[in-house]
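It should be emphasised that the depicted structure is a prediction, and the values quoted were computed from it without experimental measurement.
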Amino acid sequence: MKAKIIDYLTDVCLSYTVVSVSGVIIDHFCGTQINNFNIMLMFIICIIATAVLHMHNFFSEVSPLAMMFLQYIATCILCAAVVLVLSIFEGLPTLKGWLDLFRSFTIPYIILALLYYYKVFADTKKQNDIIHEIQSK
């Protein structure tokens, strides 16, 4: 259990680092500034997305593509709920704000999900190789 928590926290830190550094680079080239509220929202979204990705065992009954799609939908719903709760402090986003949120969420999510599943499938292949080696002896 401790190893899973450490793995989860490592994935959160890595995903937040990639997302925040990417945001800083994009803001630098676009000439805009990012505010503290957006930084905290990026961190919360990274926590949610990483938690949903780590729950892939709950979706083992469906195909991997359907699992990825269901996880994306679940993450979108949770992120929308967080934005609605945080709108108490900042006000409701406009329609353009919602579209920007999901657009800016989708691109990093797809990249990070691909990296995450590459890691999962590589670990699975490694475990299968070990099992085949043990069975052959």
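For the side chain to side chain donor-acceptor pair (under 3.5 Å) condition, the pairs that include at least one residue of residues 72-89, sequence neighbours left out, are Y72-T106. For residues 60-69, no pair satisfies salt bridge (Lys or Arg N to Asp or Glu O under 4.0 Å), with sequence neighbours left out.
In terms of hydrophobic clustering, with Ile, Leu, Val, Met, Phe, Trp and Tyr side chains grouped at heavy-atom distances under 4.5 Å, W98 and I48 are assigned to a common cluster. With hydrophobic clusters built from ILVMFWY side chains whose heavy atoms lie under 4.5 angstrom apart, F69 shares a cluster with F102. I73 and L99 sit in two unconnected hydrophobic clusters of ILVMFWY residues. Membership requires side-chain heavy atoms under 4.5 Å apart, directly or through other members. By the rule that hydrophobic residues join a cluster once side-chain heavy atoms approach within less than 4.5 Å of another member, V12 and I5 end up as members of one cluster. Hydrophobic clustering (ILVMFWY, side-chain heavy atoms < 4.5 Å, transitive): L92 and L86 are in one cluster.
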**Request:** Give the C-alpha distance, both sets of side-chain angles, the deciding distance and a yes or no for side chain to side chain contact (heavy atoms under 4.5 Å, CB included) between L9 and T50.
**Result:** CA-CA 9 Å; L9 292 175; T50 305; over 6 Å; no
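With sequence neighbours excluded, the residues forming a ring-ring contact (aromatic ring centres under 6.0 Å, His included) with F43 are Y16, listed by chain and number.
D129 has a carboxylate O that lies under 4.0 Å from a charged side-chain N of K125, or vice versa, which qualifies the two as a salt bridge. Using a cutoff of 4.0 Å between basic side-chain nitrogens and carboxylate oxygens, D7 and K119 are scored as salt-bridged.
Considering V52, I47, I44 in turn, V52 is the only one that fulfils the side chain to side chain contact (heavy atoms under 4.5 Å, CB included) rule with L78.
Looking at V82 and I45, their side chains never come closer than 4.5 Å, going by heavy atoms from C-beta outward. Residues P93 and V83 have side chains in contact (heavy-atom distance under 4.5 Å, counting atoms from C-beta outward).
Taking each heavy atom of M55 and Q71 in turn, the nearest pair found is C-NE2, 4.0 Å.
If you take CG on D123 and OH on Y118, they are separated by 10.0 Å, rounding to the nearest 0.5 Å. Between the CD atom in E133 and the CG atom in N128 there is a gap of 12.5 Å [rounded to 0.5 Å].
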